[in-house]
Amino acid sequence: MGMRNTAIAKVFYDIGDLLELKGENPFKIRAYQRAARAIEHLPKEIEIMLREGQDLKAIPGVGEAIARKIADLLATGKLEYYEKLRAEFPPGIATLLEIPGVGPKTAMRLTQELGISSVEELERAIRDGQVASLFRMGEKTAENILYQIEALRRKDQRIPIGEALPLVDEIFEGLRAIPGVKNLTPAGSLRRFQETVGDIDLMGTADNPRQVIEAFTRLPMVAQVLGQGETRASVIVAGGLQVDLRMVEHERYGSLIQYFTGSKQHNIALRERFHRQGLKLSEYGITDLATGKEETFATEEAFYQRLGLQYIPPEIREGGEEIDRAARGDIPALVEVPDIKGDFHVHTDWSDGRSPLEEMVQAARARGYRYLAITDHSVGLRIAQGLSVERVLAQIEEVQKLNHGLKDIYILTGTEMDIRADGSLDLPDEVLARLDVVVAAVHSSMGQEQEKMTRRVLGALENPHVDILAHPTCRLLGEREPVHIDLEAVFKKAVEKGKALEINAMPTRLDLKDIHILRARELGAKLLIGTDAHSPEQLDLMRFGVGLARRGWCQTRDIINTWPLEKVKAFFKREEE
DNA sequence: GCCGTTTTCGGCCCGACTGTTTTCAGTCG
C-alpha cells in the first residue's frame, strides 16, 4: 500500500480542519496540524521508516495516538476516525475555510443557518443579502467575504523565489540612495529562501522613515498603493504581487526582523521553550515574566544571544531541531556563496546556450571561480542542438586550447548527457572516458512508471564515467510535477558509486529540493550546486542553489564545488580506477 | 493530542485588527 508523506500529511491537515469546524479543543487541533506539518517536511518517507521498524513517535508532534493512526492508514489505506469525522459534515464545507476572513465559526454558521457548503453557494447568499442579515454579521462582513472570494479566484499562484528576489534587488536599489537608510532586508519566506513566496515583506531602519516610505510608493514598478502611513506601506507591483515595506525603530530592529522572518513554527517553538523559563518573547523584545522588565534588541544576533542560543540562520528556521542544536552550540557553518569555487553545469552556444564558450569562461573568472565545467547537451537532445560525438571531440580540443592561455581558472571538458528513455546513454563509453566531467540527466519520457524510471537512472549511475546526476526529479515549479522515481534508491546508489547529486539552482527547478537534500545528506551523499546557466548572467543563479543547500543544512564538506579542484577530481576518479 | 530542567497532569506563543459592540469573539500572521 503506497502512501507518500504528502498524502499522509493531507489526511491530518483535513482532520485539523474538521475538528475546527466541530469546535474541538484548540490545542488538539493544533496538535494535528503540527503533526501534519512535521510529516509534510520529513526528509524520509514514513513508509520506509515503518519498513525499517523505526518509531514514529520520534517525529516531533507525533505521539501515541497519531502514530497509531499513521500505521493504520498505511496498513489499510484508510482511517476510520477520519472517515467518521468526514461523514459528520456536508462535503465541501472545508473549502469555505480557504476564504480569508472565514474561520471555523463562520463556516459552521453559514452551513447550519443558511445551508451553505460551497464557495459558489456562499457567493449567491451574499448577493441575496442573506449573509448580512445573520446575527452579529453585517454588510461590511458580507462585502469583505465577497471581496476575498473574488481575490482568491484571480489570485496567481505563489511566485518562485527566482522572480521575487530580483524584484527586491530592484526595489532596494531605488531606496538605498536615501540618506540614513539602513538594514534594508527581505523578511518572511523570502529571507528563508523558500522556493516560492506568496507576498514580499521588506524591512529596514531609517533616520527619516517617512521619506523612505514616500520613495517606495513612487518606485517605477509600483502599480497601485494599497495603503501608506508614517512607517509602512503596502503596494501592488506590476504582475499583481503585493509588497509591504515596514520601517522600524533601530533599537527594536533585532526582535522585529526575527519575528517577521519566521517561520511561524520556529517562533512558536522558541516562545514555548522560553516561556517555560520565564521569558515572554515578542516582536517588541523579551520580557522577564517575574520582574516585568522588557529588553529590546537592535540586532537579531543579540536577540538569540540573550536566549543563550547560537545564531540560527534564517534558512533553517523551520521549527524543527534547530533550536535544540543552537542551545548546544551545534549549528554548523552553512555553505555560503563566496565558498563556491566553480560551476559544473554550464551551456554555451555550441548547444542551446546563448553565449560563446569564451564568454562563459570570462564570466566565471569575473566571479572568482577556480574552475568551470562546460556541459553542453548531448546528441539525442535535438531540440537543444545536442552535440554529436564529432562535435564533442572538437569541443574537447577547443577547451584544451583555451586552457593553455588561462592561469587563474581551469576549464573542464564535459557534457550534460541524456539518459535515454530505454536507459541507454547518449554517448559511447570511449567518448565519456575522454571527458573530465559527465553530467547525466533525464530529459524525456518523464511519465514513466516509478520502477522503470528508477531503473533508468540507477543504470546511468552504474556507468563508471558518469560523475553527476543533474536535476534528479525533473520538476518545473508550477509547470511540471516531479517524475516518479525512488529517490531513496537513487541516493543510495550515488553514495555506493561515488557520484554527486546536483542541486540545480535554476529558479524554475530548484531540484533537488530542501527535504531531498536533507535525506541525501543523511545517507552520506555528496552534492553540488549547478546553475545550468545558458548565459553569463545566469551564473549568478548560484545564490538560489546556495540558499537551497543552506535549507538542507549543507556545509562546504557536503558541496563538492566548494572544494579545490584536485579534491573534486579525486572524488570523481574513485569509481573509474 | 502532545509533552516534560514545573515529567504522567496541566499546561499549550503573542499581538493586532475588524466589526459589531456596551466588553469581545473571530480571524490572521
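Any value given below was found using the heavy atoms of this structure, including those in side chains, with hydrogens, waters and symmetry copies removed.
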[X] has an atom [atom1]; how far is it from atom [atom2] of [N], in whole Å?
X      : N      : atom1 : atom2 : value
A:K69  : B:dG1  : NZ    : C1'   : 8 Å
A:L307 : B:dC13 : CG    : P     : 16 Å
A:R276 : B:dC14 : CZ    : C1'   : 16 Å
A:R271 : B:dG15 : CZ    : P     : 7 Å
A:K140 : B:dG19 : NZ    : C1'   : 8 Å
A:E143 : B:dT18 : CD    : P     : 15 Å
A:R273 : B:dC14 : CZ    : C1'   : 19 Å
A:L256 : B:dG15 : CG    : C1'   : 12 Å

Review point. Only one of A:Q194, A:E318, A:E195, A:E315 forms a side-chain hydrogen bond (donor to acceptor under 3.5 Å, both in side chains) with A:R551, so which one is it?
Key: A:E318
Interatomic distance at [atom1], [N] relative to [M], whole Å:
N      : M      : atom1 : result
B:dC24 : B:dT20 : C1'   : 10 Å
B:dC13 : B:dT8  : C1'   : 24 Å
B:dT18 : B:dT23 : C1'   : 15 Å
B:dT27 : B:dT21 : P     : 16 Å
B:dC17 : B:dT7  : C1'   : 39 Å
B:dT22 : B:dC28 : C1'   : 25 Å

Classify [X] by what it touches in the nucleic acid, base, sugar-phosphate, or nothing, heavy-atom distance under 4.0 Å.
X      : value
A:I99  : sugar-phosphate
A:F260 : nothing
A:Q277 : nothing
A:I66  : sugar-phosphate

Practice item. Kindly point out which of B:dT27, B:dC28, B:dT21 is positioned nearest to the side chain of A:P100? Key: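 Side chain of A:P100 sits closest to B:dC28.
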Check your understanding: Out of B:dG19, B:dC13, B:dT6, which has the shortest distance to the side chain of A:T141?
Key ->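 Nearest nucleotide to the side chain: B:dG19.
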Review point. When the nearest nucleotide of DNA chain B is assigned to A:L281 and to A:F135 on a heavy-atom basis, which residue is associated with the more 5' position?
Key: A:L281
Review point. In terms of the nearest nucleotide of DNA chain B, which residue is placed more toward the 5' end: A:A142 or A:T106?
Key: A:A142
Give a yes/no answer on whether the side chain of [X] brings an N or O atom under 4.0 Å of OP1 or OP2 in [N].
X      : N      : result
A:S282 : B:dC13 : no
A:K264 : B:dC14 : no
A:H266 : B:dC13 : no
A:Y284 : B:dA16 : yes
A:K280 : B:dG15 : yes

**Study point:** Pair A:Y82-A:D14, side-chain hydrogen bond (donor to acceptor under 3.5 Å, both in side chains): steps then yes or no
**Key:** CA-CA 8 Å; A:Y82 177 46; A:D14 281 355; 2.6 Å; yes
Sub-3.5 Å donor-acceptor pair from the side chain of [X] to the main-chain atoms of [Y], do we have one?
X      : Y      : value
A:T111 : A:I116 : yes
A:D128 : A:Q130 : no
A:D486 : A:A489 : yes
A:R191 : A:T261 : no

Review point. Would you say the side chain of A:P507 lies within less than 4.5 Å of the side chain of A:L477, judging by non-hydrogen atoms?
Key: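 No, their side chains stay 4.5 Å or more apart.
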Exercise for review: Please tell me if the side chains of A:F172 and A:L167 come closer than 4.5 Å, counting only heavy atoms from C-beta onward.
Suggested key: no
Practice item. Would you mind pulling out the nucleotide paired to B:dG19, Watson-Crick or G-U wobble, both distances under 3.5 Å? Key: B:dC24
**Study point:** Interface residues of residues 14-36 of chain A with DNA chain B (non-hydrogen, below 4.0 angstrom)
**Key:**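 The answer is A:N25, A:F27, A:K28, A:R30, A:A31, A:Y32.
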Check your understanding: Do A:H266 and A:E322 pass the side-chain hydrogen bond (donor to acceptor under 3.5 Å, both in side chains) test, and can you show the C-alpha distance, the side-chain angles, and the key distance before you say yes or no?
Key -> CA-CA 9 Å; A:H266 174 80; A:E322 75 275 10; 2.7 Å; yes
